[in-house]
Amino acid sequence: MSTEETTPSNFIRTIINDDLESGRFAGPIHTRFPPEPNGYLHIGHAKSICLNFGLAQDYPGGLANLRFDDTNPLKEEQEYIDAIIEDVRWLGFDWGDRLFYASDYFPKLYQYALKLIENGVAYVDDLTADEIREYRGTLTKPGKNSPYRDRTTAENLDLFHRMKVGEFKDGSRVLRAKIDMASPNINMRDPVLYRILHATHQRTGDDWCIYPMYDWAHGQSDSIEGITHSICTLEFEDHRPLYDWFIEQIGIFHPRQIEFARLSLTYTLMSKRKLLRLVQDGHVTGWDDPRMPTLSGFRRLGYTPQSIRTFADRIGVAKSNSTIDFSVLEHAIREDLNEHAPRAMAVLQPLKLVVENYPEEMVEEFEVKTHPQDRDDTETRVVPFSREIYIEQDDFMEDAPKKFFRLAPGREVRLMGAYYVTCNEVIKDDQGNVVELRCSYDPESRGGQSPDGRKVKGTLHWVSAKHAVAAEVRLYQPLFTKENPEDVEDGQDFTSNLNPNSIEVLPACMLEPSLAEAVPGRGYQFMRQGYFCLDSVDSTPEKLVFNRTVSLRDTWAKVNTK
RNA sequence: UGGGGCGUCGCCAAGUGGUAAGGCAGCGGACUUUGAAUCCGCCAUUCGUAGGUUCGAAUCCUUCCGCCCCAGCCA
């Protein structure tokens, strides 16, 4: 953790400070990150993770738990649990020995339900799902009481017990809280506590055939764990009265719930359900496709945990729905990689350049700095130079405008760390494509500086042809063509905004030899182009595959399009 | 026509009665063996609207306008 900046103040910290001052809670603060294991974590979850674990780190004695809200065995899988654990760890957070599952509390929750029944505030309802919906009323019309609402305690106890032991079919009965069918808050209209589901749970197996609803499990789980501040997203704001009601009825520790706005990012989809669809329908190669906004996708793309933490700190926390510009994220990763990534030269779209006056068999080895951005860093690497090299196709233009600082007929440029070279002749194929450049070099400019002090405006990266290491490089564009992927015509869905050019594969790139030793998981700057990393899935020593994490800022491209 | 939230620069976001922080983006310029990075400037007389209270309001009160969420035996 290098350049940690002061976390800006936000309304949650204000509330916590007040609570600490008033002594509302006996001890230090305690938060938790409570994912449902029904998909992979995405950048939106990172905001919540950084918030919850960050708060615990910042306040003396603070603690943060990781708890899986695993109350729906139909949608949850062990694969997701494993992936989530890996991702939170990767992000850099630690929950000590406090890894919990809502399913740990199934027995306790059952006892709480019994208590509600005994207190006459819960009942077994035989209405069908459709009937329950009808009885619930609408946003503007109050609901009406179920005919089963006034069963006796004894009858409820008996029925609930029989639900638990498996006497009834899925969906035939539910346990409901008895609150107020006319409440303006729909969450208070006798919410369902338990449903019958003869399903095998990934952790509790076949121990249960009734499973608690999220609303019934969540608040109590927080209470059981002694969570002081239950931080969740805005849509749960009007569930808070219900959670408060449960806690009061049962008479247990009362956490304080605080709601904040979830993250939205331009060009990014942030719904697990829809991300799952992208995976299932094959629009991407998997949850860890580098184009996915999942943590595993960003990791594979080359994002660092630090960059994501920095991002989370910078975007702030508030209650207004907002959409962060993707450039904020890009800035965070560039900032981190600029400081730490070793530099190297790589030619993505090679154009052959022959230095005509350079001896045929001669090879020189130039020692160049690996971290030229850091004056004090002395690490170097060796790059070989020879008569035939590759430069970038974009670095040559036959009819170049004055502002084009690169190679053109008759113009002189510097080959980074090597020599000045002047273009004498352009060789084309039958179609008129430029296939080779014939140049001459100035032996006096060895190392990239001329003793006569003459300046060249352009400096190009290059790779010696006979020493080059071949590689495949994958360039990525946003997965969607619209800032808001959900902005669609009637009858369409977000898949109509999928970007057909979200991935571009460059099969024949030429890298400087040092890159053959590239370390998996490490980011490299391909000078003048961007930051790249080995693809953790497809790269092999025989066939290197690099992903472009993010390009360098390119003001020339901007000027050029004007 | 119900309930719950939110409205401060293009995008985020501080500010909590004393006269509008910061980041991203953008725009100038310096420097540069990465058209990168770095540096230096510029970028809200105004806080959704209209009134009111006050010596003084983005902050307090009222009005209106706009946007988001809620009718799963999902979370």
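Basis for what follows: all heavy atoms, side chains included, without hydrogens, waters or symmetry-related copies. Sequence lines set the chain letters: A, B, ... in the order given, protein chains first and strands last, and positions in each chain run from 1.
Taking atom C1' on both nucleotides, B/rC43 is separated from B/rA50 by 30 Å, rounded to a whole Å. Atom P of B/rU45 sits at a distance of 11 Å from the matching atom of B/rC9, rounded to the whole Å. Comparing B/rG10 with B/rC69, their P atoms are spaced 24 Å from each other, to the whole Å. A distance of about 42 Å separates the C1' atoms of B/rU38 and B/rA57, rounded to the whole Å. The C1' atoms of B/rG15 and B/rU19 are separated by 13 Å, rounded to the nearest whole Å. B/rC65 and B/rG23 are spaced 30 Å apart, taking the C1' atom of each and rounding to whole Å. Nucleotides B/rG18 and B/rG56 place their P atoms 15 Å apart, quoted to the nearest Å. Comparing the P positions of B/rU59 and B/rC74 gives an interatomic distance of 45 Å, to the nearest angstrom.
Spacing between atom CG of A/Leu415 and atom P of B/rU34 amounts to 14 Å, rounded to whole angstrom units. Separating the CG atom of A/Asp244 from the C1' atom of B/rG4 is a distance of 14 Å, rounded to the nearest angstrom. One can place CD of A/Gln257 at 13 Å from C1' of B/rG5, the figure rounded to the nearest angstrom. The separation between A/Arg189 atom CZ and B/rG4 atom P is 13 Å, rounded to whole Å. Across the protein-nucleic acid pair, A/Glu483 atom CD and B/rG10 atom C1' stand 10 Å apart, rounded to whole Å. Nucleotide B/rC6 holds its P atom 17 Å from the CZ atom of A/Arg262, rounded to whole Å. Taking atom NZ of residue A/Lys319 and atom P of nucleotide B/rG7, one finds them 10 Å apart after rounding to whole Å. Put simply, CD1 on A/Ile324 is 14 Å from C1' on B/rG10, counting in whole angstrom units.
Nucleic acid contact class of A/Glu259 (heavy atoms, under 4.0 Å, all strands): none. Here A/Val456 lies out of heavy-atom contact (under 4.0 Å) with every strand. Contacts of A/Arg343 with the nucleic acid, taken as non-hydrogen atoms under 4.0 Å apart, include base atoms. Within the nucleic acid shown, A/Thr323 comes within 4.0 Å of sugar-phosphate atoms alone, with no base atom in reach, counting heavy atoms only. At a threshold of 4.0 angstrom between heavy atoms, the contacts of A/Phe68 with the nucleic acid are absent.
Listed pair A/Ser322 / B/rA13 meets the phosphate criterion, a side-chain N or O lying under 4.0 Å from OP1 or OP2. Between A/Ser320 and B/rC67 there is no side-chain polar atom (N or O) within less than 4.0 angstrom of OP1 or OP2. Contact annotation: A/Arg314 does not reach the phosphate of B/rC12 (side-chain N/O to OP1 or OP2, under 4.0 Å). Listed pair A/His461 / B/rU34 fails the phosphate criterion, with no side-chain N or O lying under 4.0 Å from OP1 or OP2. Residue A/Arg553 has a polar side-chain atom (N or O) positioned under 4.0 Å from OP1 or OP2 of B/rA37.
More than 90° away from 0 lies the glycosidic angle of B/rG4, which makes this nucleotide anti.
The distance between the ring centers of A/Tyr110 and A/Phe160 falls below 6.0 angstrom.
Applying the 6.0 Å contact sphere to CD of A/Gln349 captures more than 12 heavy atoms from other residues, nucleotides or ligands. Under a cut-off of 6.0 angstrom, the local environment of CZ in A/Arg454 is crowded, with over 12 non-hydrogen atoms contributed by other residues, nucleotides or ligands. Heavy-atom contacts from other residues, nucleotides or ligands closer than 6.0 Å to CZ of A/Arg262 number 12 or fewer.
Proximity note for A/His331 (side chain, C-beta onward) versus B/rG4, B/rG35, B/rC24: the nearest is B/rC24. With distances taken from any side-chain atom of A/Glu237 to the nucleotides B/rA25, B/rU34, B/rG5, the minimum falls on B/rG5. Between B/rC27, B/rA36, B/rA37, one nucleotide has an atom nearer to the side chain of A/Lys558 than all others, and that is B/rC27. The A/Met416 side chain lies nearest to B/rU34 when the options are B/rG35, B/rA13, B/rU34.
On a pure distance criterion of 3.5 Å, a polar donor-acceptor pair joins the side chain of A/Arg406 and the base of B/rG35. Donor-acceptor pairing under 3.5 Å, judged by distance alone, is present between the side chain of A/Gln525 and the base of B/rU34.
The side-chain contact (heavy atoms from CB on, under 4.5 Å) check on A/His331 picks up A/Arg314, A/Glu335, with sequence neighbours excluded.
Listed for the A/Asp170 side chain is a donor-acceptor partner under 3.5 Å among the backbone atoms of A/His198. With hydrogens and angles ignored, the 3.5 Å screen pairs no side-chain donor or acceptor of A/Lys369 with any backbone N or O of A/Thr380. Formation of a donor-acceptor pair under 3.5 Å by the A/Arg173 side chain with backbone atoms of A/Arg195 is not found in this model.
Map A/Arg414 and A/Phe326 each onto its nearest nucleotide of RNA chain B; the residue landing nearer the 5' end is A/Phe326. When each of A/Gly448 and A/Lys141 is assigned the nucleotide of RNA chain B with its nearest heavy atom, A/Lys141 is the one assigned upstream, toward the 5' end.
Relative orientation of the A/Phe106 and A/His201 rings is perpendicular, given thresholds of 30° and 60° on the angle between their planes. In this structure, A/Phe236 and A/His239 have perpendicular ring planes: the angle between them is above 60°, well past the 30° mark. The aromatic rings of A/Trp287 and A/Tyr40 sit parallel, their planes meeting at an angle under 30°, below the 60° perpendicular limit.
Distance CG/A/Leu265 to CG/A/Leu329: 5.5 Å, rounded to 0.5 Å.
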Taking Watson-Crick and G-U wobble pairs with both distances under 3.5 Å, convert RNA chain B into its dot-bracket string, 5' to 3', dots for unpaired and | for cross-strand pairs.
-> .(((((((.[[[..)..(...]]].(((((.......))))).....[.[[[..)....]]].])))))).....
Nucleotide by nucleotide, 5' to 3', does protein get under 4.0 Å of the base (B), only the sugar-phosphate (S), or neither (-) in nucleotides 68-75 of chain B, counting heavy atoms?
-> SBBBSBSB
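Annotation: cation-pi geometry satisfied between A/Arg203 and A/Tyr101 (NZ/CZ under 6.0 angstrom from ring centroid, within 45° of ring axis).
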